[in-house]
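Written below as structure tokens is the structure these notes are about.
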Amino acid sequence: MNLNTTKNEIITVSIMVAIAAATRFLPHPPNFTAIGGMALFGAATLTNKKLAFIVPIMAMLVSDLFIPHGFDLAVYTAFVAIAAMGLLLRNKKGPMTVIAGSLAASVIFFVISNFAVWASQAMYTKNAIGLMTCFEAAIPFFPNTLAGDLFFSSLLFSSYAIIKKTNLVIAK
């Protein structure tokens, strides 16, 4: 891969990730967001491992500046874990892999974010029963998380495949 291709890929993927982050400002059902898909796609697509984390995290940070109470350590922890998993998709970006990655991203987000709620709020007892109660209370939100991850991951990966296949170049 030559330098221009790498630069073009970085610019193309960065623009796609920024657009995905911007969708956070559109009306959407609770938990139906591009966050998981954005982390999965950015990490799986950018060949530079540092950029694979930096680009999605920067897009998230910038969008969080405009969202009241946007920054949440548990969300960023889940985001980084999803991006780390996205590195595993680098050489296998077929439909079944993207679906499996989206499902795993949803589970990662569910476990990390709800563990943080259980650990930080007094509404749940600090034992296994309290943790299970917290997870149970969050189940109604999981379908939207899964639907958002599946939708946005599919959209990002398929759009990028079309861009590459048609040699559409965003920057030269």
Side-chain angles (χ1 to χ4, degrees), residues 9-47 51-117 135-166 168 170:
E9 283 183 351
I10 292 168
I11 292 168
T12 302
V13 172
S14 296
I15 289 169
M16 292 177 71
V17 168
I19 291 168
T23 66
R24 298 176 73 200
F25 301 108
L26 300 175
H28 58 274
N31 288 31
F32 187 89
T33 67
I35 293 172
M38 188 171 68
L40 199 62
F41 170 75
T45 307
L46 289 165
T47 54
L51 289 177
F53 286 91
I54 292 170
V55 169
I57 288 171
M58 288 305 297
M60 182 88 151
L61 279 169
V62 169
S63 64
D64 273 349
L65 292 174
F66 303 98
I67 296 174
H69 312 292
F71 183 84
D72 183 308
L73 183 59
V75 170
Y76 278 83
T77 301
F79 195 71
V80 169
I82 293 166
M85 189 192 58
L87 296 176
L88 302 174
L89 301 181
R90 286 174 171 237
N91 297 320
K92 296 182 178 186
K93 296 178 191 148
M96 293 310 293
T97 306
V98 172
I99 290 169
S102 297
L103 175 60
S106 298
V107 171
I108 288 168
F109 182 81
F110 180 88
V111 170
I112 292 174
S113 63
N114 290 299
F115 181 85
V117 167
F135 284 160
E136 183 181 347
I139 289 172
F141 299 98
F142 185 75
N144 281 357
T145 301
L146 179 58
D149 288 346
L150 285 168
F151 175 79
F152 286 106
S153 292
S154 298
L155 181 64
L156 289 164
F157 280 100
S158 62
S159 297
Y160 190 67
I162 291 168
I163 289 169
K164 284 185 75 168
K165 187 174 185 173
T166 59
L168 178 64
I170 293 179

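Here the shortest heavy-atom pairing between L87 and A52 reads CD2-CB, 4.1 Å. In terms of heavy atoms, S153 sits closest to V98 at CB-CG1, 3.9 Å. Between A104 and M85 the shortest heavy-atom distance is CB-SD, 3.3 Å. For the residue pair A74 and A116, the shortest heavy atom distance occurs at CB-CB, 3.4 Å. Closest heavy-atom contact between P140 and A137: CD-O, 3.3 Å. Shown here for V111 and F135, the closest heavy-atom pair between the two residues is O-CE2, 3.8 Å.
F142 and F110 have perpendicular rings, their planes meeting at more than 60° on a 0 to 90° scale where under 30° would count as parallel. Taking the six-membered ring for Trp and thresholds of 30 and 60 degrees, F25 and F66 have ring planes more than 60 degrees apart, a perpendicular arrangement.
Atom-to-atom distance recorded for S14:OG and I19:CD1 is 11.0 Å, nearest 0.5 angstrom. Here the OG1-CD1 distance, from T47 to I10, works out to 6.0 Å after rounding to the nearest 0.5 Å. We find the CG-CG distance between L88 and L40 to be 9.5 Å, quoted to the nearest 0.5 Å. Note that the CG atom of L150 and the OG1 atom of T145 stand 11.0 Å from one another [nearest 0.5 Å]. Here I35 contributes atom CD1 and Y76 contributes atom OH; the two are 8.5 Å apart, rounded to the nearest 0.5 Å. For the atom pair M38 CE and D149 CG, the distance stands at 11.0 Å (nearest 0.5 Å).
Residues F152 and F41 keep their aromatic ring centres 6.0 Å or farther apart.
No side-chain heavy atom of N114 sits less than 4.5 Å from a side-chain heavy atom of F141. By the 4.5 Å heavy-atom criterion applied to side chains, T33 and T23 are not counted as neighbours.
Of the listed residues (L156, L155, T45, I11), just one forms a side-chain contact (heavy atoms from CB on, under 4.5 Å) with M16, and that residue is L156.
Side-chain atoms of S63 come within 3.5 Å of backbone atoms of M60 as a donor-acceptor pair (strictly under, hydrogens ignored). No donor-acceptor pair closer than 3.5 Å links the side chain of N31 to the backbone N or O of N144.
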